[in-house]
Amino acid sequence: MHLNLFTECAPVPSFEGLWRDPDDRTAEGYGSLEYWTSVARKLEDACFDALFFADVHGTYDVYEGSWAAAVRNGVQIPSIDPVPLIPALAAVTDRLGFAVTYSTTYHPPYLCARVLSTLDHLTGGRIAWNIVTSYLRSASGNGIGEFLEHDQRYDRADEYLAVVRALWERSWADDAVRIDREGGVFADPERVHQIDHHGRWFDVRGPHQCAPTPQRTPVLYQAGTSGRGLRFAAEHAEVVFVTLADPRRGAEVVTDLRRRVAEAGRDPSSVTVLQGMPVVVGATQEQAKARLELMNRFHSAEGRLAKWCGWTGIDLAGHPDELPLSELPVQGSRSALDAVRRTDPSREWTVGDVRRTVSTVHLPMRGGRFMLCGSASEVADQMETWREIAGVDGFNLVPFPPSTGIDDICDLLVPELRRRGLFRTAYDPAEATLRERYRGAGNARLPYPTRPAPSPDTATG
Ligand SMILES: Cc1cc2nc3c(=O)[nH]c(=O)nc-3n(C[C@H](O)[C@H](O)[C@H](O)COP(=O)(O)O)c2cc1C
């Protein structure tokens, strides 16, 4: 089983309002090296695959047409950039991987390739890239790029991947770096190539500024399960991060994804699917339930609405309650919208229905299904059900409570998973890089060759 821990470098990585819990360490800790190094050490002791950092490049200003609710509730503002943190975390760990989010809409591909190669060098091949197309229109107001329509963002992302993959895979030969002190040749210019990419969105000559890293291309993660998102994943992703509503309906998405991977000419079993999963675990079921009471106490409906409206681009305060949701165009995240719709696909969802659902606390024992909850043994049972029925390969765990929940996962849940033979008791020394943890020892490099971007004109939804 593959296990990541999901977080954000923000006071409220998830569960809006929980920063008010006096035991929560994230509110002050998110900006401190001491906090993040202690998290990284804890996860490495538990042999996690990776620490996953979500990130955005604008403010959540859709709800009520303002970022006031986001600021008041600390919803990814303030937040710091996780990327500069990674070398510090790598310095206190040896094997833990790090997944970082970089946007194909708001970061230039040449600079993205260099930053991720730098991290792959400095960590000895422990980097994954969470490829996002970005749903926040507000970022375009910060002078970092133009917000495009949903499908166009993915078209651009296809070309972006052609550029960065060419820089990582084709620009430098493995034997280009010679360090020949006698001969006075550091690197052989004959073995370093321009990529000469000229496309609709990008003109990048190259060569890449970094010599080949342990993985060359970082492990390619993708999140976004609209039809267009799945097509992008089928073409590029090695690990797909999903948030499925429940195991049975989730199985349809996973099957659809693997079918599309096969259609793209790749081995469907080579794609690792991780379910993003909130989890609360206690020594007993009663203790887990008691922890959940914190949700009732501190949950912020306003903070939740700020986040959800930012994800989708729909202002739930800006339309009449009775308006059917199907009448609103969605330029943000269709996955976030589908996650709500899939809880009851037969219903004609209105703006009012969604606002009530999004702002209400859904505790697992009161019918809310989207959470792992209970003693370690109960949570492990639920994880096994997800694996068997939905066909996911592992989890991107979202800890509840946000900081002490990390200790519960490592100290209570991981030992139970190990007892069942579901999770490693030590890192395999033969798996030197993060990619090898997914694909086995000896597979440090991207398994499929670089490909030109598929033409938006010929691709189908
Ligand atoms: C589980 C999940 C995690 C995501 N994480 C991020 C993130 O950290 N930063 C970001 O800008 N977008 C993130 N996204 C947004 C996607 O990259 C994408 O832009 C958005 O979901 C729209 O695509 P879709 O309609 O296919 O879902 C995430 C989406 C999902 C479903």
Side-chain angles (χ1 to χ4, degrees), residues 4-10 12-14 50-60 62 75-77 79-83 98-107 112 128-140 142 144-145 147-158 160-161 220-237 239-245 250 253-254 256-257 260 272-278 307-314 328-342 370 392 394-398 461:
N4 283 355
L5 191 98
F6 171 97
T7 195
E8 292 165 0
C9 282
V12 194
S14 40
L51 175 55
F52 177 101
F53 288 101
D55 194 26
V56 289
H57 310 94
T59 48
Y60 286 75
V62 176
V75 177
Q76 272 185 292
I77 178 169
S79 72
I80 62 166
D81 185 341
V83 167
F98 303 99
V100 292
T101 298
Y102 241 51
S103 166
T104 56
T105 301
Y106 296 125
H107 292 109
C112 166
W129 170 28
N130 180 37
I131 308 165
V132 298
T133 53
S134 293
Y135 45 79
L136 284 179
R137 188 182 292 272
S138 61
S140 66
N142 296 329
I144 54 175
F147 184 78
L148 303 168
E149 283 184 7
H150 182 274
D151 285 10
Q152 253 194 339
R153 292 202 300 276
Y154 277 114
D155 293 343
R156 188 176 190 273
D158 273 329
Y160 193 106
L161 264 286
L220 300 176
Y221 272 51
Q222 184 270 358
T225 47
S226 64
R228 186 64 185 87
L230 286 177
R231 201 172 86 216
F232 178 83
E235 188 66 31
H236 304 285
V239 178
V240 179
F241 172 23
V242 293
T243 46
L244 308 169
V253 178
V254 176
D256 185 25
L257 168 67
R260 287 170 187 257
T272 303
V273 181
L274 300 183
Q275 162 74 351
M277 206 65 195
K307 191 127 189 205
W308 194 90
C309 296
W311 279 342
T312 58
I314 298 174
L328 292 173
V330 185
Q331 292 304 340
S333 172
R334 296 188 184 154
S335 309
L337 186 62
D338 287 344
V340 172
R341 277 200 189 125
R342 282 198 187 110
F370 187 66
V392 300
F395 299 87
N396 212 359
L397 293 173
V398 188

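Each residue takes its place number in the sequence, starting with 1. Computation of the quantities below employed the complete heavy-atom set of this structure, encompassing side-chain atoms and omitting hydrogens, waters and symmetry-equivalent molecules. As the structure lists them, so they are numbered: ligands from 1, and atoms in each ligand from 1. Everything numeric here is computed off the predicted structure, so don't read it as measured data.
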**OP:** For atom 26 (O) of ligand 1, grab the closest protein heavy atom and report residue, atom and distance to one decimal in Å.
**Re:** Ser226 OG, 2.6 Å
Original post:
Near Ala54, which atoms of ligand 1 are under 4.0 Å from a heavy atom of that residue?
Top reply: 8 (O)
Subject >> Atoms in ligand 1 with a heavy atom of Thr225 nearer than 4.0 Å >> reply: 26 (O), 27 (O)
Original post:
Can you list the ligand 1 atoms lying under 4.0 Å from a non-hydrogen atom of Gly224?
Top reply: 24 (P), 26 (O), 27 (O), 31 (C)
**OP:** Enumerate the atoms of ligand 1 whose separation from the nearest heavy atom of Arg334 is less than 4.0 angstrom.
**Re:** 24 (P), 25 (O), 27 (O)
Subject >> Nearest-0.5 Å distance that lies between atom CG in Leu220 and atom CG in Asn130 >> reply: 10.5 Å
Original post:
Sub-3.5 Å donor-acceptor pair from the side chain of Asn142 to the main-chain atoms of Ile144, do we have one?
Top reply: no
Original post:
Any idea which protein heavy atom is nearest atom 5 (N) of ligand 1, and the distance to it?
Top reply: Asn130 ND2, 4.0 Å
Subject >> Identity and distance of the protein heavy atom lying nearest atom 21 (O) of ligand 1 >> reply: Ser333 OG, 2.9 Å
Subject >> Contact with ligand 1 for Ala336, non-hydrogen, under 4.0 angstrom >> reply: no
Subject >> Thr243-ligand 1 polar pair, N/O distance under 3.5 Å >> reply: no
Original post:
Among protein heavy atoms, which lies nearest atom 23 (O) of ligand 1, and at what distance?
Top reply: Tyr154 OH, 2.9 Å
**OP:** In sequence, state the C-alpha distance, the side-chain angles, and the governing distance for Val253 and Arg342, and then conclude on side-chain contact (heavy atoms from CB on, under 4.5 Å).
**Re:** CA-CA 11 Å; Val253 178; Arg342 282 198 187 110; 3.8 Å; yes
Original post:
Is His150 touching ligand 1 with its side chain, its backbone, both, or neither, if touching means heavy atoms under 4.0 Å apart?
Top reply: side chain
**OP:** Could I get the full list of side-chain contact (heavy atoms from CB on, under 4.5 Å) partners for Val62, not counting sequence neighbours?
**Re:** Cys309, Asp315
Subject >> ligand 1 contacted by Gly276 (non-hydrogen, < 4.0 Å) >> reply: no
Original post:
Which of these passes ring-ring contact (aromatic ring centres under 6.0 Å, His included) with Phe241: Phe395, Trp129, Phe52?
Top reply: Phe52
Original post:
So is Phe53 in contact with ligand 1, going by heavy-atom distances below 4.0 Å?
Top reply: no
Subject >> Asn396 CG to Met277 CE distance, which is reported to the nearest 0.5 Å >> reply: 12.0 Å
Original post:
How long is the gap from OG1 on Thr101 to NE2 on His107, to the nearest 0.5 Å?
Top reply: 9.5 Å
Original post:
With sequence neighbours left out, what residues match Asp151 under salt bridge (Lys or Arg N to Asp or Glu O under 4.0 Å)?
Top reply: Arg334
Subject >> ligand 1 contact on Trp311 by region, counting heavy-atom pairs under 4.0 Å >> reply: neither
**OP:** Please identify which atoms of ligand 1 are closer than 4.0 Å to at least one heavy atom of Thr101.
**Re:** 7 (C), 8 (O), 9 (N)
Original post:
Once you round to the nearest 0.5 Å, how far does CG of Asp155 lie from CZ of Phe232?
Top reply: 10.5 Å
**OP:** Please test Phe53 against Thr7 for side-chain contact (heavy atoms from CB on, under 4.5 Å), starting from the C-alpha separation and ending with a verdict.
**Re:** CA-CA 5 Å; Phe53 288 101; Thr7 195; 3.6 Å; yes
Original post:
Counting distance only, does the side-chain N/O of Thr104 pair as donor-acceptor with the main-chain N or O of Val132 below 3.5 Å?
Top reply: yes
**OP:** Taking Ser138 for its side chain and Thr59 for its backbone only, find out whether a donor-acceptor pair lies under 3.5 Å.
**Re:** yes
Original post:
Among all protein non-hydrogen atoms, which one is nearest to atom 19 (O) of ligand 1, and what is the separation to 0.1 Å?
Top reply: Thr133 OG1, 2.7 Å
**OP:** Look at atom 29 (C) of ligand 1 and say which protein heavy atom is nearest, naming residue and atom and giving the distance to 0.1 Å.
**Re:** Ala223 CB, 3.7 Å
Subject >> Protein contact of atom 7 (C) of ligand 1 - nearest heavy atom, named by residue and atom, plus distance >> reply: Asp55 O, 3.5 Å
Original post:
Considering only the protein, which heavy-atom contact is closest to atom 14 (N) of ligand 1, and what is its distance?
Top reply: Tyr135 CE2, 3.8 Å
